[in-house]
Amino acid sequence: MEELLELYNTMGISPGVYNYGEETLKKLQSRFADIDRIAEHNQAKVIAAMQKNHVSAACFAATTGYGYDDVGRDNLEKVYADVFHTEAALVRPQITCGTHALTVALSANLLPGDELLSPVGLPYDTLQEVIGIRESPCSLKEYGVSYRQVDLLSDGTFDFDGICKAINEKTKLVTIQRSKGYATRPSFSVKQIGELIAFVKSIKSDIICMVDNCYGEFVETIEPSDVGADMVVGSLIKNPGGGLAPIGGYICGTNACIQRCAYRLSAPGLGQEVGANLGLMPALYQGFFLAPTVVAGAEKGAIFAANLYEPLGFKCVPNATESRHDIIQAVELGSEEGMIAFCKGIQAAAPVDSFATPLPWDMPGYNDKVIMAAGAFVQGSSIELSADGPIRPPYAVYFQGGLTWYHAKLGILMSLQKMVDAGLVTL
Ligand SMILES: *Cc1c(COP(=O)(O)O)cnc(C)c1O
């Protein structure tokens, strides 16, 4: 280990920080072993789906133009459907991001006069304009789709009474966000999501249950589609892209829902038949193949960070010992200086743009200044190690990702080093 310490030392990590990290890691062996077992399960699930669908070199060929009979694209969708245990899937570069995938899923399956219900409180920021919670041209609200919301109870659990009262003859689709995103509520386990779906369907059996699965894929051995979700939706520049997908989103679900999604994404009548793959198939297949281990590495990083920072007096959400349902870790640093130091460390440990210095900045759509650290191969990719947060109490940074556990570890050690260097922490 001496040699590694020396190498880390040349990169700016002091023996004190390194040794504190090693002490912390000793306590995490059994949790890491659990994560490895989940990753092994999910790896086998992905390989089995690729074998069943005869993935071959022919699937990696680029297509252009309309993309009729695109074997690679059609087969990738079968692979996704098999991994998520759904009848069908829509997975392609024409879905530009997670928000786009969610927009397609919602607007394809809600018609004027229908009502959308969120039984888990306010949805992720970008969806608020999609729904019309914040006014926007082309929102669902503008098209005559109404919206109702039931907040979580103060302990973060579902308000079953409130949900029961909110469901009415117009309720067509229920949207359930698995990850807390940038809110302070807990993230939900797949089991909890299953209970919520069963409850909703017991009140009105034909409600479509959609799960925003962003940041949750492969954290457990089952997905929301295994517990009754009609659609699961996410981004390929998060977990399932494995860091290699340069763009894309997915929707997996029932034939009925996915066909409508395909008609909405391209055009009625065209559906899944058009959409050239533009040479991206190798990245989308290989990224999905790597995703289970990438997610495992990111999750280890999140747990390492919580266990490194919590004993030093910083509140962590989830805390050091809680079970995990996504890859996001919030650390409350208590001051602007703390957020800057933390983000500087994440940036300095990156393989790309390590020489840049993150600073708080005014961003469109935010009331407070925001700081962001990211040195990513794919712009904005948050499955790569990244940290950000609004400069306001409790001065929390949200960090996530890491394509490898070792990079996540280095970034977190470097963040602590910058805190120590700034005199904000004494070990
Ligand atoms: C990231 C995220 C989205 C939106 O995904 P983008 O790819 O950034 O558009 C939606 N919901 C949740 C919970 C997310 O974390």
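One-based numbering, in listed order, for ligands and for the atoms of each. Given the structure is predicted, the values throughout are model-derived calculations rather than measurements.
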Could Asp34 and Arg31 be called an ion pair, given the rule that one side-chain N must be under 4.0 Å from one carboxylate O? no
Restricting to side chain to side chain contact (heavy atoms under 4.5 Å, CB included), what partner residues turn up for Lys52, sequence neighbours left out? Asp82
Is the Phe188 to Phe158 ring centre distance short of 6.0 Å? yes
Taking the six-membered ring for Trp, is the centroid-to-centroid distance between Phe314 and Tyr395 below 6.0 Å? no
Identify, with sequence neighbours excluded, every residue that meets side chain to side chain contact (heavy atoms under 4.5 Å, CB included) alongside His325. Ser187, Ser189, Glu220, Ser323
Pocket residues of ligand 1, ordered first by chain and then by residue number (heavy-atom cut-off under 4.0 Å): Cys97, Gly98, Thr99, Leu102, Tyr124, Gln177, Asp212, Cys214, Tyr215, Ser235, Lys238
Contacts of Phe342 that satisfy ring-ring contact (aromatic ring centres under 6.0 Å, His included) - sequence neighbours left out: Tyr309, Phe399
